[in-house]
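Data block below; observations after.
The shown structure was predicted, so the numbers you read here are calculated from the model rather than taken from an experiment. Heavy-atom basis, side chains included; hydrogens, waters and symmetry copies ignored. To find a chain, count down the sequence lines: A is the first, B the second, and so on, and within it residues start at 1.
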There are 2 protein chains.
Amino acid sequence: MTTRKTPNMTKIRQATLDVITVAGHPLSANEVLARILLPCNPATIYRSLHYLEGKGYAHSFVLHCAEHGTERYYMATTPENHHHHWFHCEQCHRFIDLGDCSLAPLIQEYQEKLGIQVTRDTLYLTGICATCQN
Amino acid sequence: MTTRKTPNMTKIRQATLDVITVAGHPLSANEVLARILLPCNPATIYRSLHYLEGKGYAHSFVLHCAEHGTERYYMATTPENHHHHWFHCEQCHRFIDLGDCSLAPLIQEYQEKLGIQVTRDTLYLTGICATCQN
DNA sequence: CCGAATTTGCAAATGACTTGCATTTAACAA
DNA sequence: TTGTTAAATGCAAGTCATTTGCAAATTCGG
C-alpha cells in the first residue's frame with residue numbers, strides 16, 4: 001500500500017485559485033462559483049477553497065454585511081505571504097484594499113503582555129465608499 | 001390612533017442585557033439563552049439582542065472558531081460607549097479583553113485617504129491562550 | 001491496463017438565524 | 001379599573017451558508 005505523497009492540484013482547485021487570484025479582492029464561495037468556468041458543484045467549491053487555504057494558497061475571513069448576510073471570503077495569498085485588510089462598502093458590496101496588515105507590532109505586544117499565541121488576526125472595516133456617498 | 005413613543009425595555013430584554021453585562025465578555029445567542037433565568041424562546045433571544053444593539057446597549061461581531069463554528073457574539077456597551085477588541089482562545093473558547101479599540105487614528109487616516117465612511121470596525125485575534133499552551 | 005486512493009457530484013443534514021402568524025402582554029385613554 | 005390596540009413573545013416553519021455521507025468518476029503508481 002503506497003500512500004500518495006501530495007494530494008493533487010486538480011483542475012477545479014487550480015481554476016478556483018485562478019478565480020480568486022484574478023479577482024484581486026475577497027470572494028465568497030458563491031462568487032467563486034459564479035465565476036468559475038468549469039462545470040462544478042457548489043460542495044466542490046467549498047472543498048476546493050478549504051484545500052487552498054489549508055495549503056496556504058488562500059486566506060479567508062468571515063464578514064457579515066446586511067445585504068448579503070454572513071459569508072466567508074477568500075483571497076489568494078500573495079507571494080510574500082502577507083495578508084491584507086479590507087474595507088467593505090455595504091452599499092455597493094465592493095472591497096477596497098487597505099494594504100498590508102499593520103498589526104504585527106500590536107500583536108507582538110499582546111503576545112508578550114498576555115502570554116497568548118496569536119495564530120490569526122481578523123480586521124476589516126465596513127461603511128460607505130466614496131462613490132456611494134454621492 | 002396613538003403611536004407609542006418608545007418601545008419597551010421588557011423583562012426579557014432587560015434580563016438579556018443583564019446577562020451580557022454580568023458576563024463581561026462576548027456571548028453568543030446560545031450562551032445568553034443558557035444563562036438567562038427567565039423562560040424564553042430562542043427566537044426571542046435573537047430579537048432581544050437585535051433590539052439591544054439597535055438601541056446602542058450592545059455591540060456585536062461575528063467570529064468563527066473551529067469548534068463552535070460561526071456565531072455572532074454580543075457584549076454590553078460600556079458607559080463611555082467605547083468598544084473593546086478581543087482575543088479568543090480556540091482551545092478553551094475563552095475571551096481575553098485586549099482593551100479599548102486603538103484603531104481610531106488608523107481609521108481616520110483611511111477615511112481621509114480613501115474618502116470612505118467607516119461605520120464599523122471588526123478586529124479580533126484568535127489563537128491559544130497562556131493557560132492552554134501548557 | 002489494474003487497483004487503490006482521491007476527488008467530485010448529488011442529496012440530505014446541520015446549525016445559526018429569521019419570519020409568519022396566533023397569542024399574550026402592557027401602555028394609554030376614558 | 002377597564003377596554004382598545006400596538007408591541008412583544010412563543011411556536012413552527014423557512015432560509016441560507018456550509019458540511020457530510022455515499023456512490024460514481026478520476027487519477028496516480030506500478
Side-chain angles (χ1 to χ4, degrees), chain A residues 1-20 26-55 57-58 60-74 88 93 122, chain B residues 1-20 26-55 57-58 60-74 88 93 122:
Chain A
M1 187 200 79
T2 319
T3 304
R4 190 168 303 170
K5 264 147 284 163
T6 45
N8 231 313
M9 177 63 85
T10 63
K11 284 179 208 164
I12 289 180
R13 287 170 178 172
Q14 183 62 56
T16 304
L17 181 53
D18 290 348
V19 165
I20 60 178
L27 248 42
S28 69
N30 279 326
E31 290 169 330
V32 172
L33 187 59
R35 292 173 187 222
I36 202 167
L37 297 176
L38 278 50
C40 181
N41 190 277
T44 303
I45 292 292
Y46 284 105
R47 287 193 271 232
S48 183
L49 289 167
H50 283 168
Y51 171 85
L52 294 173
E53 186 161 35
K55 286 288 170 183
Y57 298 130
S60 78
F61 61 93
V62 173
L63 175 142
H64 175 90
C65 111
E67 196 179 338
H68 294 78
T70 302
E71 280 180 287
R72 184 171 287 274
Y73 291 84
Y74 293 83
H88 176 253
H93 192 60
T122 301
Chain B
M1 184 199 79
T2 319
T3 304
R4 188 168 305 169
K5 263 144 286 161
T6 45
N8 230 310
M9 178 62 86
T10 63
K11 284 179 208 163
I12 290 181
R13 287 170 178 172
Q14 183 61 57
T16 304
L17 181 53
D18 290 348
V19 166
I20 60 178
L27 247 42
S28 69
N30 278 328
E31 291 170 329
V32 171
L33 186 59
R35 294 174 184 219
I36 202 167
L37 296 177
L38 278 49
C40 180
N41 189 278
T44 304
I45 293 292
Y46 284 104
R47 287 192 271 231
S48 183
L49 289 167
H50 283 168
Y51 171 85
L52 294 173
E53 185 161 35
K55 286 288 172 187
Y57 298 129
S60 77
F61 61 93
V62 173
L63 175 142
H64 175 91
C65 111
E67 198 179 337
H68 294 78
T70 303
E71 279 180 288
R72 184 172 287 275
Y73 291 83
Y74 292 84
H88 175 253
H93 193 59
T122 300

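One interatomic measurement links the two molecules: CD1 of A:I12 to P of C:dC10, which rounds to 11 Å at whole-angstrom precision. The separation between A:R13 atom CZ and D:dC28 atom P is 12 Å, rounded to whole Å. To the nearest angstrom, C1' of C:dT8 lies 17 Å from CD of A:Q14. Remark: P of D:dG10 and CD1 of B:I45 are 9 Å apart, rounded to the nearest angstrom. Note: CE (B:M9) to C1' (C:dT25) measures 17 Å, nearest angstrom. Counting to the nearest Å, the C1' atom of D:dT9 and the CG atom of B:L33 are 14 Å from each other. To the nearest angstrom, P of D:dA25 lies 16 Å from NZ of A:K11. Taking atom CG of B:L38 as the reference point, atom P of D:dA8 lies 16 Å away to the nearest angstrom.
Comparing the end axes of the helix from C:dC1-D:dG30 to C:dA30-D:dT1, each fitted to five base pairs by superposing C1' atoms of four pairs onto the next four, gives an inter-axis angle of 40° (nearest 10 degrees).
Under the side chain to side chain donor-acceptor pair (under 3.5 Å) criterion, A:D18 pairs with A:Q14, not counting sequence neighbours. With sequence neighbours excluded, no residue satisfies ring pair (Phe, Tyr, Trp, His ring centres under 6.0 Å) with B:Y57. Residues meeting the side-chain contact (heavy atoms from CB on, under 4.5 Å) test with A:T10, sequence neighbours left out: A:N8, A:I12, A:R13. Listed by chain and residue number, nothing satisfies the side chain to side chain donor-acceptor pair (under 3.5 Å) test with B:N41 (two or more places apart in sequence, or in another chain). Partners of B:T70 under the side chain to side chain donor-acceptor pair (under 3.5 Å) rule, at least two apart in sequence or in another chain, are B:H64.
When each of C:dA27, C:dT8, D:dT9 is scored by its nearest atom to the side-chain atoms of A:T10, the top-ranked nucleotide is C:dT8.
Considering only side-chain N and O atoms, A:N8 lies under 4.0 angstrom from the phosphate OP1 or OP2 of D:dC28.
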Expected list for residues 43-50 of chain B: side-chain donor-acceptor pairs under 3.5 angstrom, two or more places apart:
| from | atom 1 | to | atom 2 | distance (Å) |
| --- | --- | --- | --- | --- |
| B:S48 | OG | B:T16 | OG1 | 3.0 |

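Residue pairs meeting the salt bridge (charged side-chain N to carboxylate O under 4.0 Å, His left out) criterion with at least one member in residues 26-41 of chain B: none, sequence neighbours excluded.
Between A:Y73 and A:H88, the angle of the ring planes lies from 30° to 60°, which puts this pair in the tilted group.
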Produce a footprint string for nucleotides 11-18 of chain D: one letter per nucleotide, 5' end first; B if the base is under 4.0 Å from any protein heavy atom, S if only the sugar-phosphate is, - if neither. B-----SB
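Side-chain atoms of A:E53 come within 3.5 Å of backbone N or O of A:S60 as a donor-acceptor pair.
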